[in-house]
**Q** 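Once you've had a glance at the structure underneath, I'll fire off some questions.
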Amino acid sequence: MPSFNQLPAGSHTGAVLIIPALDEEAVIGATLASIPSGLFESVIVADNGSTDSTARIASAHGATVVRETERGYGAACLRALQSVPSSCSIVVFMQADSSEDPAEAAALLAPILDGRADFVLGSRVLGQADAGAILPHQAFGNWLATALIRLLWHHTYTDLGPFRAIRLDLLRQLDMRDRNFGWTIEMQIKALRHRLRILEIPVRYKVRAAGENKVSGNLAASVRAAIKIFAVIGRLYLRP
């Protein structure tokens, strides 16, 4: 298996890829195998309490595996950030389910590497989402959340997409706190408040390769996620 900790001679992106994962044994191997060689200095899979072989498969594919037993997307991301190598200066976040194309991470990294942006968001709205990849309640929640950001912070985001890249030093300045569904929108709002240079680029979004979508495929989980996202918006607006 490839080692993501080794780059081809002469290449240096200074980037680390963080992939939160919960019971993704059906897809994590294919996701890791599709990462272009040399794009990242390190790949960290944050195992969020899996009861299957997710961690073993990820390790066999050359990823560094860290474990966070507290369930929550934000909790897994925060735990992974504790293990980022000191040589890395950019962080890319991506899902484990092969819904995103890791080769497109190069397009996320480019504006940061050439000094044009601090935070690059992969937009599924600007890009191409396969039929069924984004369910109607997801699309509505995404539209409403970005509309509220536009109203309250006067910035137009098109998406809350989880596929994103950000300078590590600036991410640490954001002082991320949310340990669950509010992680992505907290980052986007705090990026505005810290006046980061923000860029959205189109990305493709595919139907997950296998297994169950833990949030959008579950109505109760989707409702909890929506409540949390709007609670984060309210908290950050009322407590600048």
Side-chain angles (χ1 to χ4, degrees), residues 15-24 31 43-50 66-84 90-97 99-100 105 108 118-125 134 138 141-142 144-146 148-149 152-153 155 157-194 196 198 200 203 205 208 213-218 220-239:
V16 57
L17 176 63
I18 290 178
I19 305 177
L22 171 61
D23 292 332
E24 297 285 9
T31 297
V43 172
I44 301 174
V45 171
D47 181 18
N48 200 201
S50 298
V66 299
R67 290 174 173 81
E68 174 54 68
T69 57
E70 177 190 344
R71 294 290 175 89
Y73 185 85
C77 290
L78 287 167
R79 173 63 186 86
L81 285 170
Q82 296 176 12
S83 300
V84 171
I90 306 173
V91 183
V92 175
F93 295 94
M94 191 183 78
Q95 297 189 108
D97 59 9
S99 58
E100 296 145 349
L108 297 177
D118 304 313
F119 174 38
V120 182
L121 179 70
S123 172
R124 302 163 294 184
V125 175
I134 301 178
Q138 283 181 284
N142 193 66
L144 181 57
T146 53
L148 285 172
I149 292 176
L152 299 175
W153 285 278
H155 179 88
Y157 282 117
T158 65
D159 198 2
L160 304 181
F163 197 17
R164 51 186 60 199
I166 186 169
R167 280 176 46 188
L168 178 59
D169 59 337
L170 297 177
L171 176 59
R172 298 200 188 283
Q173 289 181 25
L174 298 187
D175 188 26
M176 296 290 295
R177 299 293 184 88
D178 194 88
R179 301 183 67 80
N180 213 300
F181 302 118
W183 168 271
T184 55
I185 197 164
E186 179 189 9
M187 187 184 300
Q188 288 174 240
I189 293 172
K190 286 186 171 180
L192 294 174
R193 287 168 47 172
H194 284 252
L196 270 58
I198 301 166
E200 285 188 274
V203 295
Y205 195 66
R208 65 175 289 133
N213 192 307
K214 310 298 189 304
V215 180
S216 62
N218 182 298
S222 296
V223 171
R224 289 196 299 272
I227 292 172
K228 183 58 182 288
I229 287 170
F230 295 121
V232 169
I233 292 174
R235 174 174 58 82
L236 293 176
Y237 181 71
L238 294 173
R239 298 178 183 177

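Worth knowing before you read on, the calculation uses all heavy atoms, side chains too, and leaves out hydrogens, waters and symmetry mates.
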**Q** Atom OG1 of Thr184 and atom CD1 of Ile229: how far apart are they, to the nearest 0.5 Å?
**A**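 So the OG1 of Thr184 and the CD1 of Ile229 are separated by 5.5 Å.
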**Q** Between Glu70 and Arg179, is a salt bridge (Lys or Arg N to Asp or Glu O under 4.0 Å) present by the stated rule, with each step listed?
**A** CA-CA 9 Å; Glu70 177 190 344; Arg179 301 183 67 80; 2.9 Å; yes
**Q** Checking side-chain polar atoms at under 3.5 Å, does Gln95 have a donor or acceptor matched by the opposite partner on Tyr205?
**A**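 Their side chains do contain a donor-acceptor pair, which is all the 3.5 Å distance test asks for.
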**Q** Would you compute the distance between atom CG of Asp23 and atom CG of Asp47 and round it to the nearest 0.5 angstrom?
**A**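 The distance works out to 8.0 Å.
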**Q** Indicate yes or no: at least one non-hydrogen side-chain atom of Ile166 is less than 4.5 angstrom from one of Val120.
**A**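 In short, these two side chains do not touch, never coming nearer than 4.5 Å.
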**Q** Could you tell me if the side chain of Leu192 sits less than 4.5 Å from the side chain of Ile149, heavy atoms only?
**A**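 Ile149 reaches Leu192 side chain to side chain.
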**Q** Go through it in stages, so that I can follow the logic: the residues are Met187 and Leu174, the test is side-chain contact (heavy atoms from CB on, under 4.5 Å), and I'd like the CA-CA distance, side-chain angles, deciding distance and then a yes or no.
**A** CA-CA 7 Å; Met187 187 184 300; Leu174 298 187; 4.0 Å; yes
**Q** Do Ile18 and Val84 have side chains that get closer than 4.5 Å, going by heavy atoms?
**A**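 They are in contact (side-chain heavy atoms under 4.5 Å apart), so the answer is yes.
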**Q** Should Thr31 and Asp97 be marked as a side-chain contact (heavy atoms from CB on, under 4.5 Å) after you check the CA-CA gap, both sets of side-chain angles, and the distance that decides it?
**A** CA-CA 7 Å; Thr31 297; Asp97 59 9; 5.9 Å; no
**Q** What is the minimum heavy-atom distance between Ile198 and Ala191, and which atoms define it?
**A**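 For Ile198 versus Ala191, the nearest heavy atoms are CD1-CB, 3.9 Å.
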**Q** Check salt bridge (Lys or Arg N to Asp or Glu O under 4.0 Å) between Asp159 and all other residues, then give those that pass, not counting sequence neighbours.
**A**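 Scan of Asp159 (salt bridge (Lys or Arg N to Asp or Glu O under 4.0 Å), adjacent residues dropped) gives Arg124.
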**Q** Taking salt bridge (Lys or Arg N to Asp or Glu O under 4.0 Å) as the definition, give me every residue that meets it alongside Glu200, ordered by chain and number, with sequence neighbours left out.
**A**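 Partners of Glu200 under the salt bridge (Lys or Arg N to Asp or Glu O under 4.0 Å) test: none.
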**Q** Kindly check if the number of other-residue, nucleotide or ligand heavy atoms within 6.0 Å of CZ (Arg177) is above 12?
**A**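 Atom CZ in Arg177 is not crowded, with 12 or fewer foreign heavy atoms closer than 6.0 Å.
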**Q** Taking side-chain contact (heavy atoms from CB on, under 4.5 Å) as the test, write out the residues that go with Ser83, two or more places apart.
**A**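 side-chain contact (heavy atoms from CB on, under 4.5 Å) list for Ser83, sorted by chain: Ile44, Val66, Arg79.
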**Q** Just wondering, do Asn48 and Pro20 contact through their side chains at under 4.5 Å, heavy atoms?
**A**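 No; the side chains remain at least 4.5 Å from each other.
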**Q** If you compare all heavy atoms of Ala105 against all heavy atoms of Phe163, which two are closest, and at what distance to 0.1 Å?
**A**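 In this case the closest contact between Ala105 and Phe163 is N-CZ, 3.7 Å.
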**Q** Between Leu78 and Trp183, does the side-chain contact (heavy atoms from CB on, under 4.5 Å) criterion hold? Intermediate values first, please.
**A** CA-CA 10 Å; Leu78 287 167; Trp183 168 271; 3.5 Å; yes
**Q** Between the main-chain N or O of Leu236 and the side-chain N or O of Arg193, is there a donor-acceptor pair closer than 3.5 Å?
**A**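 Side chain of Arg193 to backbone of Leu236, a donor-acceptor pair under 3.5 Å: yes, one is there.
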**Q** Given the rule in the salt bridge (Lys or Arg N to Asp or Glu O under 4.0 Å) test, do Lys228 and Asp178 qualify, once you have shown the distances and angles that lead to the verdict?
**A** CA-CA 9 Å; Lys228 183 58 182 288; Asp178 194 88; 2.7 Å; yes
**Q** Roughly how far, to the nearest 0.5 Å, is CZ of Arg167 from CG of Asp118?
**A**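 Atom-to-atom, Asp118:CG and Arg167:CZ are 5.0 Å apart.
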**Q** Do the non-hydrogen side-chain atoms of Cys77 and Met176 ever get within less than 4.5 Å of each other?
**A**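 Counting from C-beta outward, Cys77 and Met176 never come under 4.5 Å.
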**Q** A side-chain contact here means heavy atoms from C-beta on lying under 4.5 Å apart; do Glu100 and Val203 qualify?
**A**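 No - every pair of side-chain heavy atoms lies 4.5 Å or more apart.
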**Q** With respect to Leu160, which candidate in Val125, Leu121, Ile185 satisfies the side-chain contact (heavy atoms from CB on, under 4.5 Å) definition?
**A**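 Between Leu160 and the candidates, side-chain contact (heavy atoms from CB on, under 4.5 Å) is satisfied uniquely by Ile185.
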**Q** Answer yes or no: is there a side-chain heavy-atom contact under 4.5 Å between Arg235 and Val232?
**A**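 A side-chain contact under 4.5 Å exists here.
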**Q** Which distance, rounded to the nearest 0.5 Å, do you find between the OG1 of Thr146 and the NE2 of His155?
**A**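 So the gap between those two atoms works out to 10.5 Å.
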**Q** Report the C-alpha separation of Trp153 and Ile233 in whole Å, then their side-chain angles, then the decisive distance to 0.1 Å, and conclude whether the side-chain contact (heavy atoms from CB on, under 4.5 Å) test is met.
**A** CA-CA 10 Å; Trp153 285 278; Ile233 292 174; 4.0 Å; yes
**Q** Distance check, rounded to the nearest 0.5 Å: Leu171 atom CG versus Phe119 atom CZ?
**A**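 One finds 9.0 Å between CG of Leu171 and CZ of Phe119.
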**Q** What are the two closest non-hydrogen atoms of Ala76 and Ala46, and how far apart are they?
**A**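 Closest approach of Ala76 to Ala46, heavy atoms only: O-CB, 3.4 Å.
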**Q** So Phe230 and Leu148, do their side chains get closer than 4.5 Å, heavy atoms only?
**A**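 They are in contact (side-chain heavy atoms under 4.5 Å apart), so the answer is yes.
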**Q** Over all heavy atoms of both residues, which pair between Ala96 and Glu24 is shortest? Give the atoms and the distance, please.
**A**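 Of all heavy-atom pairs spanning Ala96 and Glu24, the closest is CB-CG, 4.0 Å.
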**Q** Tell me the closest heavy-atom pair linking Arg164 and Gly161, and the distance in Å.
**A**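 Result for this residue pair: NH2-O, 2.8 Å.
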